[in-house]
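Notes follow the structure.
Here the structure is a predicted model, which means the values were calculated and not measured. Residue numbers start from 1 in every chain, and the chains themselves are labelled A, B, ... in the order their sequence lines are given, proteins ahead of strands.
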Number of protein chains: 2
Amino acid sequence: MQLPDGAAALRAQIVAVGTELVTGDTVDTNSAWLAGRLTDLGIDVRGHATVGDHEHELLTVLRAATTGSDVVVVTGGLGPTPDDLTRFAVARLAGVALERRPALVDDIRAYFADRGREMAETNLVQADLPAGAQVIDPVGTAPGFVLRVAGVLLVCLPGVPAEMRQMTERGVVPLLRRHGGLSATVRRTVRTAGIAESTVAERCAELFARLSRTNNTQLAFYSSRGETRVRVTARARDEPAAHALTDPIVAEVVQLLGAAVVGLDDEGVESVIARQLQQRGWTLAVAESITGGGVGARLVSVPGASEWFAGGVIAYATASKPTLAGVPERVLAEHGPVSEETAAALATGVRDRLDADAALAVVGVAGPTTQGRRRVGTVCPAVALPADVVRTRTVRLSPRSRQDLQQFSASVALDYLRRCLAAVQGG
Amino acid sequence: MQLPDGAAALRAQIVAVGTELVTGDTVDTNSAWLAGRLTDLGIDVRGHATVGDHEHELLTVLRAATTGSDVVVVTGGLGPTPDDLTRFAVARLAGVALERRPALVDDIRAYFADRGREMAETNLVQADLPAGAQVIDPVGTAPGFVLRVAGVLLVCLPGVPAEMRQMTERGVVPLLRRHGGLSATVRRTVRTAGIAESTVAERCAELFARLSRTNNTQLAFYSSRGETRVRVTARARDEPAAHALTDPIVAEVVQLLGAAVVGLDDEGVESVIARQLQQRGWTLAVAESITGGGVGARLVSVPGASEWFAGGVIAYATASKPTLAGVPERVLAEHGPVSEETAAALATGVRDRLDADAALAVVGVAGPTTQGRRRVGTVCPAVALPADVVRTRTVRLSPRSRQDLQQFSASVALDYLRRCLAAVQGG
């Protein structure tokens, strides 16, 4: 692909190593993440390959991947067990020996010593790198490395997603930037909730068509777990130029989608709620039934949650609703545990017990069986605000697995809270 | 791989086509699903490849995939748009022309007519198949096909996951069964927690080496989110024969790993706890700080949780610990919120408030900053049992992201509860 200034983009291949991936026991998410990150840097990812823990086949795949590429990134097969073969295959590919690095041996010993854990000697194989390789510092115990093989930059990273991602950001991205020859691709995301993917696509149809006629900007739609994301992509000579292309498009998408917009890029509904509460100086409590704690778990994932999250109750069994949140027995008897009335009583009850400013409650039927007259997939969120303002709704989710319904219910509840807080703040 | 009866397993490669996959905009779940399905049929999946919507590169990947394979399954690139190129690449690979199938034209027209939708003429390209190809009936509008190319069975399916799966079950699996030469592969999993992957590997080292010398049984280790799984795979002429091979190996692994074994196959720690509680007729309450509800969310994912899960409290803010679970102010002042003493007080407090038989509490430091003298990654679970038996521990998790620490803490707490319940039941 030619860039406006005539520089050719670097070509990359991604290789995932692991029999568990080849047999389908584990879905490979590393390759997609890496591909996105390399694409962001203006690198032209040409393909991915997945291969099992067999040295000969790994060598064959590495040979094919390096052919015609500038960069090859390999994940997996760097651990301490006998089926971790990447270091051996790379050494053979490069025609060099493995050598044990004393500094890495010390690191690995220190890692275990720090945790007061016994170290199996087999861990030290992780200190063996192909001669000439440059270390990428480990996040866990497995270091990565970079080696130039016949002009190709071969990057090897462990397969544990969290380690791989951190090591990419700290060790690989800076190296690729120094390597030069990069253009810039900027990808922005407009995140929505509570709106169908087809409705999103319909509202953006004219914009989509307009961008399709350009060769450096693009719109795409992705949907998962009740959230539809609109992806805006632009490619230019450098990052400021690419941002200058995406900024007005993002603004246009936000306008087209209105109240359904949750946030941009990595800003999930939890972060938006954190911001909404902090702007008001409010604290929040939760009362969960169907989600069993899933709403709270998502809220505390935001750093600094202790500044605004008071806590809450998991009022799962019907009997726990009066005990934990003071839901009147009369409300339960009249309306049943899955009702807007019970959700409202939970919300006001937990708000008052924890002396919080606002509260979110959610009840529902996760199945496998119906609850009274309420069908599987019925979800009622309730939001209690100061001055005894309480808002409730009923949402009917389409049938899916129990666990999916529980996770969707948490998303529905959080989006409802976001919308209620936005309405207050707008008023 | 030779089978005992001398029949070689079919070797397969999987190819996913689509630029959205190569750039990481979409995670490919088709390949893992197909790989699992083929593995179950005793087919030896050797690798996967992902390639963009470029005819020349697709052809290169198809050539490599067919080399040394008996079966190649391709997903994607069969739709009506100009970037759907699979049919062209396959026709070139086979050296045959595309021919329009009148029956498929009728089907496509009928599909749109049935839904009262106008049909764009471009849709008819989906009726063009390589000469000699056998149709796999469509679920949507895109038919699949099978073509024998130089002795290799080349199966092409659309990329929409739901269509691909149905067409595989209805059109591809029966064809592979008729093709014969299938064997049975049985895969069993021994799940562990609270033990390092390297320790698991070391304890199983002799068994691993022994199985490596067979050609029909195998051991592998996988680790994620604090749980290490040992996978036992055996291949034989039929399923009972494969089970006869795996059963004694699974028993041996369970014996080697002892108390670290959580369960087998799909049985996670939540299901084991459910069973342990139900055997005793006990109910459980939880009190969560660091996990914010994540422990409860995992427990309620078990169908029928309402029979033994009473509910609990999310005692996140320090002030909520006395309010929600009656933790004495004195304990908080003396030991701080992250301590075994506070965890114990939370566990007994919530057990008594909810009149449950047992309770699990967990406190800890998720970061980004330390809490008093307690470092990020410090986690204290506590378990309260009947007759005022309380057990506590302190675990130091290695630094990782806040969200990972919260999820690990939930795993640590649940595994601690499992071990405490097992000890009671053994005593």
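A distance-only check finds no donor-acceptor pair linking the side chain of A/His48 to the backbone of B/Ala49 [under 3.5 Å]. With A/Gln406 contributing its side chain and B/Ala297 its backbone, the two residues share no donor-acceptor pair below 3.5 Å.
Residue A/Leu299 does not touch chain B at all, counting heavy-atom pairs closer than 4.5 Å. Contacts between B/Ile290 and chain A at a heavy-atom distance below 4.5 Å involve the backbone alone (N, CA, C, O). Contact of A/Leu21 with chain B is made through the backbone alone, with heavy-atom distances under 4.5 Å. Of the atoms belonging to B/Thr291, it is backbone heavy atoms, and not side-chain ones, that fall under 4.5 Å from chain A. Proximity to chain A (any heavy atom under 4.5 Å) is shown, for B/Phe221, by both the backbone and the side chain. Contacts of A/Asp28 with chain B are made by backbone atoms alone, with heavy-atom separations under 4.5 Å and no side-chain atom involved. Contact annotation for B/Thr26: both backbone and side-chain heavy atoms come within less than 4.5 Å of a heavy atom of chain A. For a residue to count as touching a neighbouring chain, one of its non-hydrogen atoms must lie under 4.5 Å from one of that chain's; by this rule B/Thr50 touches chain A with backbone and side chain alike. Interface remark: A/Thr122 contributes backbone and side-chain atoms alike to the contact with chain B (heavy atom separation under 4.5 Å). Both the backbone and the side chain of B/Asp25 come within less than 4.5 Å of a heavy atom in chain A. With a threshold of 4.5 angstrom between heavy atoms, A/Val160 does not approach chain B through any atom at all. Contact annotation for B/Arg231: only side-chain heavy atoms (C-beta onward) come within less than 4.5 Å of a heavy atom of chain A.
Environment of CZ in B/Arg375: sparse, with no more than 12 heavy atoms of neighbouring residues, nucleotides or ligands closer than 6.0 Å. Applying the 6.0 Å contact sphere to CG of A/Asp114 captures more than 12 heavy atoms from other residues, nucleotides or ligands. In this structure, A/Glu169 places its CD atom where more than 12 heavy-atom neighbours from other residues, nucleotides or ligands lie under 6.0 Å away. The 12-atom threshold is exceeded at CG of B/Asp83, counting heavy atoms of other residues, nucleotides or ligands nearer than 6.0 Å.
Taking B/Gln13, B/Glu20, B/Arg353, B/Arg187 one by one and counting their heavy-atom pairs under 4.5 Å with chain A, the maximum is reached by B/Arg187. Between chain A and the options B/Gly294, B/Ala319, B/Ser301, heavy-atom pairs under 4.5 Å are most frequent for B/Ser301. For chain A, the option among B/Ser198, B/Gly47, B/Ala201 with the highest count of heavy-atom pairs below 4.5 Å is B/Ser198. For the options A/Val51, A/Leu324, A/Val27, heavy-atom pairs under 4.5 Å to chain B are most numerous at A/Leu324. When each of B/Glu202, B/Arg396, B/Gln403 is scored by its heavy-atom pairs under 4.5 Å with chain A, the top score falls to B/Glu202. Heavy-atom pairs under 4.5 Å with chain B peak, among A/Pro82, A/Gly140, A/Ala410, at A/Pro82.
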Quiz: residues 302-314 of chain A side-chain donor-acceptor pairs under 3.5 angstrom, not counting sequence neighbours:
| from | atom 1 | to | atom 2 | distance (Å) |
| --- | --- | --- | --- | --- |
| A/Glu307 | OE1 | A/Gln278 | NE2 | 3.0 |

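Among residue pairs with one or both ends in residues 310-319 of chain A, those qualifying as side chain to side chain donor-acceptor pair (under 3.5 Å) are A/Tyr316-A/Arg402; sequence neighbours excluded.
Side-chain contact between A/Thr23 and B/Val45 is absent, with no heavy-atom pair separated by less than 4.5 Å.
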